[in-house]
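First comes the structure, then the notes that go with it.
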Amino acid sequence: MRKGKNGLGKKENTAVAASAMGFFFAFTLALCAVAAVVVGTANAATYTVCAIGCDYATIQNAVNAATSGDTVFVYNGSYNENVNVGTAHLTLEGEGKDKVTVTAASSSDDVFEVTADWVNISGFTATGATSGGWIAGITLNGVQHCKISENNCSKNSWFGIYLQDSSNNELTNNTANQNDWGIELDYSSNNTLTSNTANYNNDDGILLDSSSNNTLTSNTANYNNWVGIWLDYSSNNTLTSNTANQNDWDGIWLDYSNYNTLTSNSANYNNDDGILLDYSNYNTLTSNTANENNWDGILLDYSNYNTLTGNTANYNNDDGIWLNSSSNNTLTSNTANYNNDDGIELDSSSNNTLTSNTANYNNWDGIFLDYSNYNTLTGNTANENNKQGIRLWNTDGNNISCNRVQANKQAGFHLSGGSTGNTIAQNNILVNGNYNGTSEGYEWNFYNDQSDAVTAKNNYWGTTNAAKIDASIYDNDENAGKGEVDFSGYKSGPVPCAPVPELPTVVLFSAGLLGVVGYFLLGQRRREKK
């Protein structure tokens, strides 16, 4: 091929020339677009609305007169209107939600309905949509890139703010109280809700229905008659630092909702559960607080492959954390203390992993496995519970290793109902139950309340005296109908892989005759903590 002066052939030179012309054409179009925006901005008008002396006396007339890029500014006053916004790139600005009230002229229609993109609405109280269905203070219907901020959308039937088939919108610093639903997103995705308040609604505070990839940050949803924040068939949403307290149902409820991330939310004092996952999988819950709820702090119901890390579930009327028919979940470094029932309960839940959780001072058991098989419990602490530290009922094939089980009132471990094939090893198990001065054993560090034999080897029991260890274990020695507990291979000191026992108690128990004094000191510390 003959080369040109630039070393390229004819076809190559033609391609280069075409590419250069294409770039020039694209660049020219870009300049025209920028020029159009600049001209449009320069030509943007502001229309004023007030009773006397403004451009218009009604908001709707000003909206009808405005074109793309214009602003409608509404002064202090009360307006009886239903405002329809169908012009894109329009800004409606009220003098302030405490100064500008728009009451629906027709109570069966939205106060504001937006059907165009890039519309901004701020500074209004929108109320009085009270006698129809699917109406709201502000409705976004099939739109994108709208900003709704600093509005009060309260005392409407159905919704305070309603998004229908609307995406990429921002809701910021709005109030949606005393509606049926405070804020609802229906088939609406990629929206951002920040610092909104949705309290005292007849149903839910915030509801996401079939809405995904939304971000909810620092919203408040308290005192609602149903749920604070409810995700229904909604996935890939992110909830961060929201407050959902004192609702009549749950604080936060995920229903058939997957791959959501909940971080640093508060779900306290609710009449049902703090956080409920119902048929919801692959969710991540991190550093949430679910305290003092009337039912459970955190409940996973038929929910699998979820990850719970660093959550707090204390002082709940039932369990701190309850897994019901839920498998393959991972619980790490959660705290479930002072609950009226169990700290952590697994009911018909298998193949879960519990690591480094704390379940202390609960009114029943620290950790309870009920018909739950093949779970792994490692590095957990179950201390000073009113009944058992770790209890197994009809539960098989679990690996329970490297846990600290100390100073529980009835028993450290309690097995019943035919719990077999469990690995119970490398645990620190000591000073559980009452001290028996005659046998110099605690009654009971381990309680085998079944006819099946149990292996509990290579644990640390607080002493190297086999007779004292045996005296602290309830099995066929105490009741011929119970199975034997094999505790051979016991350790001479605290197991390093497990949380370390309190040193004064260990030293005193190892001394034998001073065990009673050690337990007394431990009780003193417990009372001080409370």
Side-chain angles (χ1 to χ4, degrees), residues 104 108-115 119 121 126-144 146-149 151-239 242-244 247-257 260 276 278:
S108 61
D109 197 3
D110 301 303
V111 183
F112 290 90
E113 182 181 11
V114 180
T115 56
V119 171
I121 299 178
T127 190
T130 56
S131 61
W134 301 98
I135 57 176
I138 297 176
T139 289
L140 303 184
N141 190 355
V143 301
Q144 297 188 60
C146 295
K147 293 183 179 180
I148 309 300
S149 61
N151 300 288
N152 181 4
C153 301
S154 299
K155 298 182 179 179
N156 300 285
S157 66
W158 288 69
F159 314 109
I161 300 174
Y162 179 53
L163 275 63
Q164 168 75 31
D165 294 313
S166 296
S167 301
N168 299 297
N169 302 285
E170 297 180 16
L171 277 60
T172 307
N173 289 321
N174 300 287
T175 300
N177 296 345
Q178 295 178 276
N179 308 282
D180 286 341
W181 288 268
I183 300 172
E184 178 167 339
L185 277 61
D186 193 14
Y187 291 94
S188 297
S189 301
N190 295 296
N191 299 285
T192 301
L193 281 65
T194 306
S195 300
N196 301 285
T197 299
N199 296 341
Y200 300 104
N201 294 286
N202 290 330
D203 294 326
D204 308 305
I206 299 174
L207 169 60
L208 275 61
D209 187 3
S210 303
S211 298
S212 300
N213 296 296
N214 299 285
T215 300
L216 280 65
T217 306
S218 300
N219 300 285
T220 300
N222 297 340
Y223 309 106
N224 297 287
N225 284 348
W226 285 10
V227 182
I229 301 174
W230 183 12
L231 276 61
D232 187 31
Y233 289 93
S234 297
S235 299
N236 292 294
N237 298 285
T238 300
L239 279 63
N242 300 285
T243 301
N247 298 285
D248 276 357
W249 287 15
D250 308 297
I252 300 174
W253 182 12
L254 276 60
D255 190 21
Y256 291 94
S257 297
N260 298 285
L276 168 61
D278 200 12

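Only this structure's heavy atoms are used, side chains among them; waters, hydrogens and symmetry mates stay out. Computed from a predicted model, the values in this text were never measured in an experiment.
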Under the side-chain hydrogen bond (donor to acceptor under 3.5 Å, both in side chains) test, which residues partner [X], sequence neighbours left out?
| X | result |
| --- | --- |
| Asn225 | none |
| Ser257 | none |
| Asn156 | Asn179 |
| Tyr223 | Gln246 |

Using the side chain to side chain contact (heavy atoms under 4.5 Å, CB included) criterion, which residues pair with [X]? Sequence neighbours excluded.
| X | value |
| --- | --- |
| Asp203 | Asp180, Trp181, Trp226 |
| Thr130 | Ser107 |
| Asp165 | Tyr187 |
| Thr220 | Thr197, Asn199, Asn222, Thr243 |

Measuring only between side-chain heavy atoms, which start at C-beta, is [X] closer than 4.5 Å to [Y]?
| X | Y | answer |
| --- | --- | --- |
| Asn168 | Asn190 | yes |
| Ser195 | Asn173 | yes |
| Leu163 | Leu171 | yes |

Would the distance check show the side chain of Asn141 and the main-chain N or O of Thr115 forming a donor-acceptor pair, the cut-off being under 3.5 Å?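 Between the backbone of Thr115 and the side chain of Asn141 there is no qualifying donor-acceptor contact (under 3.5 Å).
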
Between atom CG of Leu193 and atom OG1 of Thr238, what is the distance when rounded to the nearest 0.5 Å?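 Going from CG on Leu193 over to OG1 on Thr238, the span is 12.5 Å.
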
